[in-house]
Amino acid sequence: MATAAPAFATAALPGLPRTLTSRARTLTAAVRKRCADLARTETPSGDATRLNTLAEDIAAGYTATGATATRERCEHGDHLVLNWPGRHEDLPHLLVVGHHDTVWPVGTLADWPVEEQDGRLTGPGILDMKGGLALLEGAFALLADLGQRPHRPVRMVVVSDEEVGSPDGRRLVEQHLRGAAAVLGLEPAHPDGRLKTARRGSTRVRLTVTGREAHAGNDAAQGVSAIDELVDQLIAVRDLGGQPGTELNAGRIDGGTRANVVAGRAEAEIGLRFSTTEAQRRTLDTLAHLTANRPGANVRTEVLSSRPAWPERTANPLLRHVRSLAAALGQVVDGAPAGGAGDTNLAGARGLPTLDGLGAVGGGPHARHEHLLIDQLGPRIALLAALLAVPLPRLR
Ligand SMILES: [Zn+2]
């Protein structure tokens, strides 16, 4: 029994849909500029100085919309926690997760500046996710303009290390998941604008093999080749990728010193994707118990980062809510599962009502043609503002 969407939104806040849509349109130019400005500070994961400069800038932007900002120290770049008061402070908070690091090294802007072309804004990290950060700022600015506050308290965690699997930020996200009514991610939408309703789990594993160095001509028999051992291990491990729910990519290998030395050490970094928790458990268990084939060789498995699978839910009241808000705004918005992992995996894996892809609409994240669609900024600002302002229905 669904209430008609426009009635639902208008009942909560009369006249809101039309106001949001028209005001969002007038804010688009400012948000477009903000997207570009954020992208003009290059922030590769691990570059603490640049990440901290941008964190300061982001905090100032959100503070201007009524947030209080806290810097969470991290030697690889500080994270941010932001809090906006709601009209009903006693309600459980709405959590928004984002990140201000990108995959692009410093210097990328030199031959790929932030530019506007044919309705697209391109630049390193513009879609993933400088655009998402700017959109949320726009949504809060819109509410502040209207003298509105979010319905419930809103908390946001912006981590500095999402693009390397959130090794430090993860703890902060997990801390603020506790007690959250729902979790929203500002990652880019699917290219067609759909939101993300599930994500595969993602784990990075390093295999380190040690053997024994020896002269390859004179004393080969004294040596134990770490490279031969690693190759055998990788061939065996590759079969794990054929099992249901698991995908595997041996993304980097390294080892040995020179052609006339039996290699004493070799390593490989493996990327794994899981569509179910069961596949993840099974595969990681196998990897943790690898044993060397050669006497004198040793194999060690380390998990470098891990995000659990966020499985698709059959009934998705949060998506239904967003769909009806979108309809009230004259938009059509739907959702679909995503292949990649992000910090919303942590929420979805725990069964919390979670949606991602609420950031910018565009294409080419992590690629040279990364861009966002300028005409989609206005609708997204309005949708985010509606999500903040309108009461959440029962989600569980
Ligand atoms: Zn991202």
Side-chain angles (χ1 to χ4, degrees), residues 34-36 38-39 41-47 50-51 54-55 58 74 76-80 82 95-105 108 114 121-137 156-170 172-173 176 183-191 193-204 271 273 305-310 335-349 354-373 376-377 380 384:
R34 186 69 170 145
C35 294
L38 294 179
T41 302
E42 298 184 299
T43 48
S45 321
D47 190 327
R50 287 186 169 81
L51 283 160
L54 189 67
I58 293 166
C74 170
H76 307 294
D78 291 354
H79 315 295
L80 278 176
L82 303 126
L95 181 70
V96 183
V97 297
H99 64 86
H100 64 303
D101 61 327
T102 76
V103 298
W104 300 103
T108 306
V114 178
L121 198 57
T122 79
I126 196 101
L127 180 68
D128 188 5
M129 65 157 61
K130 308 281 171 86
L133 297 174
L135 281 169
L136 188 74
E137 193 186 304
M156 180 184 194
V157 177
V158 183
V159 305
S160 65
D161 57 357
E162 196 276 344
E163 296 293 5
V164 289
S166 308
D168 190 70
R170 176 183 179 135
L172 203 60
V173 173
H176 294 285
V183 181
L184 307 177
L186 292 178
E187 290 290 344
H190 285 291
R194 281 182 300 173
L195 304 176
K196 299 180 171 173
T197 54
R199 285 179 172 285
R200 290 191 296 173
S202 162
T203 301
R204 283 188 305 130
R273 307 278 174 177
S305 71
S306 180
R307 289 186 173 123
W310 160 21
D343 283 333
T344 42
N345 282 58
L346 302 170
T354 306
L355 263 188
D356 207 339
L358 284 151
V361 183
H366 300 196
R368 275 272 167 171
H369 62 289
E370 178 169 3
H371 66 273
L372 61 77
L373 301 175
Q376 294 304 305
L377 293 174
R380 269 301 201 258
L384 283 167

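Counting starts at 1 for both ligands and their atoms, in listed order. Everything quoted here is computed from the prediction, not taken from an experiment.
By the side chain to side chain contact (heavy atoms under 4.5 Å, CB included) test, T108 pairs with E42, W104, P105, W112, P124, R368, sequence neighbours left out. For T102, the side chain to side chain donor-acceptor pair (under 3.5 Å) test picks out no residue, with sequence neighbours left out. Here H176 pairs with V81, L95, R155, V157, L172 under the side chain to side chain contact (heavy atoms under 4.5 Å, CB included) rule; sequence neighbours left out.
Distances from the Zn ion (ligand 1) under 2.8 Å pick out these protein N/O/S atoms: H99 NE2, D128 OD1, E187 OE1, E187 OE2.
For the residue pair R204 / S305, a side-chain donor-acceptor distance below 3.5 Å is found, with atom types taken as modelled.
Under 4.0 Å is where a charged nitrogen must lie from a carboxylate oxygen, and between E370 and K130 no such pair does.
Taking every heavy atom of both residues into account, G339 and R200 meet most closely at O-NE, 3.1 Å.
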